[in-house]
Amino acid sequence: MVMTGEVVQVEMTADSLGGMGESRAPRSVSRTVLVERLVAQLTQWQRDTGRTEPPRVIDLGGGTGGLAVALAEHGYSVTVVAPSPNALAALQRRAAEYGWADRIDGVQGDAADLVALFGAGSVDVIACHQVLELLDNPAVALSAIAETLTPGGAFSLAVGQRYSAMMVRALAGDLTEALEIWRDDSRFDPERLRKLVTGAGLTIEAVHSIGVVSAAVSEENLAPSSIAALRDLEWAVGDDPSLVAAAPAVHLFGTRPD
Ligand SMILES: C[S@@+](CC[C@H](N)C(=O)[O-])C[C@H]1O[C@@H](n2cnc3c(N)ncnc32)[C@H](O)[C@@H]1O
């Protein structure tokens, strides 16, 4: 985190987006809005597809279950796929601590295992948040997501972006690293993500920015009314397509064509 006077600029990390850790600390505004966006999109998708029950969500790279707990609170069952047995053990503890052990489970594996774990064309909803940017070959993971989804099934991607990561380093005074980040073609921006997602045969239905405002504001000492105002502002700004590339992260929701 980089402090510049009153302004705080953070690069989106699991902590800033998912970051409840093992405690019951309040969710960040970025996380709250991301979950709200996903739930709103899923609710619309359920209506469009005539489903009466919330679908099970596969959370690929779901770590210790920050998203899983939030979705369980909204009535979803979630299966977290995580490469690390330690993360799965922490997931189990967190699910029990929050009272959602009946809605949350975990399975060891990674993106390459998706089809083997669940079967081709078998999963209604896959979330993959803050994972693609860590992979050597995100196209392979996106193909696995596309192959595992049912026709008409939905996906949710949240991906950290290049511009904001560069600014974080620049504001910290590390200008050489900032330039390296900027020139790093493996970093994501909305256009690169769009090409990869459509290249995997998936259809993008909604694009929103995450954290344009809230990542620049220190939430620690804000009154609840200010947190609520920040949430409203974050939600409103997140709808503006011209700001997406400048956001710390981007959220994409879409479907596998029928
Ligand atoms: C930054 S954390 C994000 C955790 C969670 N999705 C969230 O949004 O809070 C990245 C996660 O990706 C997982 N991961 C790394 N490589 C992976 C792979 N090849 N397949 C699936 N998950 C992977 C890590 O274990 C870690 O839990």
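Read the numbers this way: they start at 1 and go in the same order the structure lists the ligands and their atoms.
Remark: Asp232 engages no residue in a side chain to side chain donor-acceptor pair (under 3.5 Å) (not counting sequence neighbours).
With salt bridges taken as basic N to acidic carboxylate O contacts below 4.0 Å, one links Glu73 and Arg27.
Taking each of Leu135, Leu60, Asp110 in turn, the one with a heavy atom nearest to atom 16 (N) of ligand 1 proves to be Leu135. Across the listed options Gly61, Cys128, Ala127, Gly61 owns the non-hydrogen atom lying nearest to atom 13 (C) of ligand 1. Distances from atom 25 (O) of ligand 1 to the heavy atoms of Ala82, Ala68, Ala87, Pro83 put Pro83 nearest.
Geometrically, Arg37 engages Trp235 in a cation-pi contact, judged by NZ or CZ lying under 6.0 Å from the ring centre and within 45° of the ring axis.
Interface atoms of ligand 1 facing His129, defined by a heavy-atom separation under 4.0 Å, are 3 (C), 5 (C), 6 (N), 7 (C), 8 (O). Within the listing of ligand 1, atoms 27 (O) sit less than 4.0 angstrom from a heavy atom of Gly63.
Atom CG of Asp102 has more than 12 heavy atoms from other residues, nucleotides or ligands within 6.0 Å.
For the 3.5 Å distance criterion, the side chains of Ser214 and Ser30 qualify, holding a donor opposite an acceptor.
Note: an N/O pair closer than 3.5 Å links Ala111 and ligand 1 by distance alone.
Residue-ligand proximity: Arg31 is placed with a non-hydrogen atom under 4.0 Å from ligand 1. Distances shorter than 4.0 angstrom occur between a heavy atom of Leu134 and an atom of ligand 1.
Of the possible donor and acceptor atoms, none in the side chain of Arg56 sits under 3.5 Å from a partner among the backbone N and O of Asp124.
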